[in-house]
Amino acid sequence: MALYSEKVMEHFTNPQNVGKIENADGVGEVGNARCGDIMKIYLKVNDEGIIEDVKFNTFGCASAIASSSMATCLIKGKHINDAVELSNKAVVEALDGLPAVKIHCSVLAEEAIKDAVKDYYERSGIAYDPVTLKMK
Amino acid sequence: MALYSEKVMEHFTNPQNVGKIENADGVGEVGNARCGDIMKIYLKVNDEGIIEDVKFNTFGCASAIASSSMATCLIKGKHINDAVELSNKAVVEALDGLPAVKIHCSVLAEEAIKDAVKDYYERSGIAYDPVTLKMK
Amino acid sequence: MTIYADNAATTRLSETALNAMLDLMKDNYGNPSSLHHKGQRAKELVEEAREDIANCIGAKPNEIYFTSGGSEADNQAILSAAYYGAERGKKHIISSKFEHHAVLHTLDKLKKEGFEVTLVDVYKNGIVKPEDIASAIREDTALVTIMTANNEVGTIQPIEEIGKICKEKGVIFHTDSVQAVGHIPVDVNTFNCDMLSISSHKFNGPKGVGVLYCRKGTVLTPLINGGAQERNKRAGTEYTYGIVGMAAALKEAVKEMDESIKYVSALRDRIIDGVGDIERSFVNGDREHSLPGTVNMCFEGIEGESLLLLLDGDGICASSGSACTSGSLDPSHVLLSMGVPVEIAHGSLRLSLNSYNTEEEIDIILSSIHRIVPYLRSISPVWEKIQKGEVVE
Amino acid sequence: MTIYADNAATTRLSETALNAMLDLMKDNYGNPSSLHHKGQRAKELVEEAREDIANCIGAKPNEIYFTSGGSEADNQAILSAAYYGAERGKKHIISSKFEHHAVLHTLDKLKKEGFEVTLVDVYKNGIVKPEDIASAIREDTALVTIMTANNEVGTIQPIEEIGKICKEKGVIFHTDSVQAVGHIPVDVNTFNCDMLSISSHKFNGPKGVGVLYCRKGTVLTPLINGGAQERNKRAGTEYTYGIVGMAAALKEAVKEMDESIKYVSALRDRIIDGVGDIERSFVNGDREHSLPGTVNMCFEGIEGESLLLLLDGDGICASSGSACTSGSLDPSHVLLSMGVPVEIAHGSLRLSLNSYNTEEEIDIILSSIHRIVPYLRSISPVWEKIQKGEVVE
Ligand SMILES: Cc1ncc(COP(=O)(O)O)c(C=O)c1O
Ligand SMILES: Cc1ncc(COP(=O)(O)O)c(C=O)c1O
């Protein structure tokens with residue numbers, strides 16, 4: 001009944017993976033300040049395509065910060081091809097739900113990761129499927 | 001602030017001059033049951049034209065009963081020519097006021113007395129001024 | 001000593017409701033729209049209350065809209081359906097002759113705006129005939145609104161049948177359940193109603209709060225515009241304690257309903273039987289299809305207000321006609337619609353009981369009536385005429 | 001520990017108001033429309049409350065109409081004047097850009113019905129210019145409605161001047177005084193207003209009750225039709241305890257006003273001065289012409305809800321924009337109307353104090369702000385851009 005689930009409040013008050021990665025392999029940024037949310041994701045990817053580290057910076061409401069935190073937790077240690085499969089729905093579920101008016105925060109998280117992955121591909125010259133965003 | 005003044009409640013719960021006069025010298029009746037009030041006034045008048053006794057019967061609300069009671073008090077012992085001068089305003093004042101929607105009750109009391117006086121004139125064959133209702 | 005027998009006008013606040021309210025009045029004063037914990041706690045309590053009330057009438061929580069009372073609920077329901085209909089070329093509304101003024105005066109307003117209103121008969125027994133509704137429904141009927149139980153005479157209407165007819169014909173059906181909820185079983189699904197009005201202070205809940213039930217899919221228009229409260233259908237900072245107190249009172253009333261129906265009906269029957277020996281008096285309405293606690297009587301030859309005030313002198317709180325029309329000089333539109341002659345309608349008395357009343361109180365009421373009625377008749381010129389067999393007019 | 005600094009959203013019920021209510025909630029439960037002693041006693045109390053409230057704002061008792069709150073009062077005032085005007089060919093209304101939604105959404109409804117609405121500017125300082133009103137008034141202006149004090153930024157409007165202009169030009173003038181009454185002097189005669197809205201829960205009175213003041217001679221139309229309550233202008237059984245509690249709270253607030261204005265302004269100034277060292281932050285509105293307790297700040301680079309919820313984690317109840325729009329994603333229409341850029345408007349914080357607050361509480365609030373703002377900036381990509389001198393969009 002409360003505005004946010006306990007899980008959301010946990011990830012909001014104690015966000016995981018906050019910060020930046022100097023010399024990141026990929027950086028993604030989505031949203032705009034006029035709409036009230038900007039998410040920036042930093043990725044460190046090893047040679048096998050595993051996300052060794054991920055960090056975020058977010059300007060936004062509690063659910064934007066919680067979505068960033070949860071999304072980074074869900075992809076950390078995963079292969080890039082798995083990370084791009086992360087849907088906003090999975091983020092919402094992992095957070096035990098978000099209010100209807102806040103669902104777009106989880107969408108931003110999904111998009112920020114995809115944006116960072118694309119940046120990684122482009123910086124590293126890796127070929128990828130433009131639809132699935134998976135490595136070829 | 002209460003619906004009725006104390007005076008009204010006094011004359012309602014303890015009405016004066018309730019009843020009938022057998023062989024009255026004049027009887028007046030005004031109002032109708034559809035409107036919710038009927039007042040009937042009985043007069044006993046002596047040879048000098050003094051109202052020796054007056055009684056009423058009333059069907060109606062508290063202010064109708066109180067107006068009847070007060071009006072009969074005000075004319076008892078008075079000369080007929082003074083009784084017909086009783087205005088509804090005098091009744092309202094003597095009752096320390098009536099709610100606006102109940103003013104008509106005091107009008108009925110005035111009319112009932114006038115009706116009874118006319119009846120007295122007619123029964124006794126006394127000439128009277130049709131405008132002032134005073135004896136000629 | 002006070003004997004309160006005017007529960008159709010308003011009721012005593014129950015201990016349960018008072019206690020539920022006090023917590024919020026003292027500490028939990030947050031605004032449910034505020035994001036901080038005090039606001040969110042208030043919101044939780046409001047949402048729990050919504051769920052409780054929904055459960056009491058077979059509704060879903062998101063079909064419950066809190067209002068300031070029964071009148072507002074009636075106004076909003078009727079105007080919503082009327083304007084929705086008007087946009088579709090439907091400007092005909094069906095109601096009954098003896099609805100509450102919150103309904104009838106809203107219909108008067110709509111008439112001035114070009115709506116056509118059919119008021120079906122309520123007959124001598126104060127009960128609408130479903131077949132009258134069926135035959136009054138037209139192509140352009142936007143709404144049928146019939147009260148669940150009448151506030152002056154207590155008669156219960158055949159709401160289920162009327163609801164079924166409306167459903168079959170695809171007409172929106174609203175019922176003013178202000179006198180019924182908390183007193184007799186009310187279920188929006190067996191009723192087949194699209195909208196239903198509730199007022200908290202009629203079942204020992206707090207004053208100043210009510211509910212408009214509106215079935216999912218039925219279009220509701222705000223009467224009060226502003227903030228986003230009540231899912232944008234009713235603006236204004238929530239009267240949180242009222243809402244919570246209302247839910248507490250209703251839950252309690254519903255839980256104890258079977259028992260209280262039995263108990264209160266017995267008290268009412270004791271009154272009806274007790275006045276049986278008073279000549280030229282009668283009970284208005286229908287003893288079979290009636291609220292447990294409401295009894296309306298006429299005593300020929302006397303006027304209701306006098307009776308009422310003399311009863312009050314004995315400490316007995318009763319009513320003549322409905323409370324709202326007091327101050328008005330016309331006799332009750334309810335009794336007139338049931339064919340009671342005007343001069344007799346003036347002599348009506350409504351006693352409305354609930355489970356706070358006792359047998360001893362009833363006996364005191366009866367003995368007062370037996371003293372006051374003969375007294376008022378003894379000074380009544382109307383009674384004199386009746387005794388003489390004259391025509392009273 | 002809770003520090004309540006959201007008094008513009010709603011306030012704690014005062015002891016005085018609670019005690020005034022309890023008597024009625026426990027024993028004095030009559031319906032003021034009932035003729036018996038319980039009803040008449042309730043009526044007396046309601047009429048005393050009406051007189052008390054009238055005295056507090058320089059009105060006459062028969063100019064006071066009880067409503068369910070500020071929103072209902074605003075709706076009824078505006079619709080009354082609008083429809084009265086429309087009957088005389090006047091379908092133009094003047095208001096300001098940053099009124100409460102109870103006003104703006106009612107005007108939206110009227111626009112759909114063919115009214116024309118002019119919203120005057122509120123400028124960077126959040127204060128309407130009387131000359132703008134004067135030049136906006138036309139032959140067909142039915143109503144001017146300008147709030148006495150804004151609920152988000154606390155700025156006080158030049159109501160006396162606006163009232164004088166309206167009086168001279170013969171235009172009905174309504175002011176939403178919901179945030180002002182009980183906090184700063186309000187007098188309907190110095191205001192020269194024809195109608196004025198009040199909400200009880202904004203000055204430590206109960207929730208669910210308000211007042212519409214309507215000057216004798218100004219035509220008022222019911223929003224809620226039904227019973228004859230409130231001289232036929234507002235139907236529904238009276239929320240007697242709310243009415244009595246409201247009067248008790250207002251009397252107390254007015255009695256203590258001089259003192260509390262001094263006390264509360266000092267607390268507010270302590271906040272304003274205390275955040276002065278935070279770079280790229282500023283106070284919205286006008287420090288001179290402002291409610292004693294309301295302060296609205298923007299912190300660039302952070303978003304208000306996060307700030308709010310972290311403050312809440314420290315037990316501090318505050319608000320970002322107005323409570324009613326929470327749940328909405330758009331930044332406050334008030335700040336936007338004052339020319340605050342959208343991206344900065346997202347980072348607003350409203351603290352609203354009253355005499356229940358203490359200096360110690362202010363210091364705790366300040367230390368929380370000094371911890372949370374830098375933290376949120378440290379994780380904000382917007383703040384990073386600002387630091388680098390990049391354009392934020
Ligand atoms: C300026 C203003 N007007 C109107 C309202 C509406 O009052 P209420 O919520 O009591 O209906 C409020 C507060 O919510 C307000 O601050
Ligand atoms: C049948 C009925 N409808 C509506 C109402 C109005 O309810 P409220 O006075 O709570 O607004 C009442 C009682 O007054 C009622 O008895």
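Below, chain A is the first sequence line, B the second, and so on; all start at residue 1.
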In terms of heavy-atom pairs under 4.5 Å, which option from Gly242(D), Gly208(D), Gly39(D), Gly313(D) contacts chain C the most?
Gly208(D)
With a 4.5 Å cut-off on heavy-atom pairs, point out which of Gly245(D), Ala17(D), Gly70(D), Pro206(D) contacts chain C the most.
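With the most close heavy-atom pairs to chain C, the winner is Pro206(D).
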Step-by-step side chain to side chain contact (heavy atoms under 4.5 Å, CB included) determination, Met21(C) to Met21(D):
CA-CA 12 Å; Met21(C) 294 172 79; Met21(D) 294 172 79; over 6 Å; no
Separation between [atom1] of [X] and [atom2] of [Y], rounded to the nearest 0.5 Å:
X         : Y         : atom1 : atom2 : result
Asn31(D)  : Cys317(C) : CG    : SG    : 11.5 Å
Gln76(D)  : Ile224(C) : CD    : CD1   : 9.0 Å
Asp27(D)  : Arg12(C)  : CG    : CZ    : 7.0 Å
Glu238(D) : Thr10(C)  : CD    : OG1   : 10.0 Å
Leu35(C)  : Asp6(D)   : CG    : CG    : 9.0 Å
Gln40(D)  : Leu309(C) : CD    : CG    : 8.5 Å

Verdict with supporting geometry, Leu24(C) and Leu13(D), side chain to side chain contact (heavy atoms under 4.5 Å, CB included)
CA-CA 9 Å; Leu24(C) 278 85; Leu13(D) 187 62; over 6 Å; no
Out of Gly210(C), Ser71(C), Ser199(C), which one racks up the most heavy-atom pairs below 4.5 Å with chain D?
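The option with the most such pairs is Ser71(C).
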Find the one option among Lys26(C), Glu72(C), Lys38(C), His37(C) whose heavy-atom pairs under 4.5 Å with chain D are most numerous.
His37(C)
Leu22(D) versus Leu18(C): any side-chain heavy-atom pair under 4.5 Å?
yes
Do Tyr239(D) and His201(C) come close enough that some side-chain heavy atom pair is under 4.5 Å?
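They are not in side-chain contact.
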Non-hydrogen atoms of Ala318(D) and His36(C) that approach each other most closely
O-CD2, 3.1 Å
Between the main-chain N or O of Lys207(D) and the side-chain N or O of Tyr29(C), is there a donor-acceptor pair closer than 3.5 Å?
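No.
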His105(D) side chain to Gly226(C) backbone, donor-acceptor under 3.5 Å
yes
Which atoms of [X] approach chain C - backbone, side chain, both or neither, heavy atom under 4.5 Å:
X         : value
Thr11(D)  : backbone
Asn225(D) : both
Leu308(D) : side chain

Taking everything shown except Glu113(D) itself, do over 12 heavy atoms lie less than 6.0 Å from its CD?
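It does: Glu113(D) CD has more than 12 such atoms within range.
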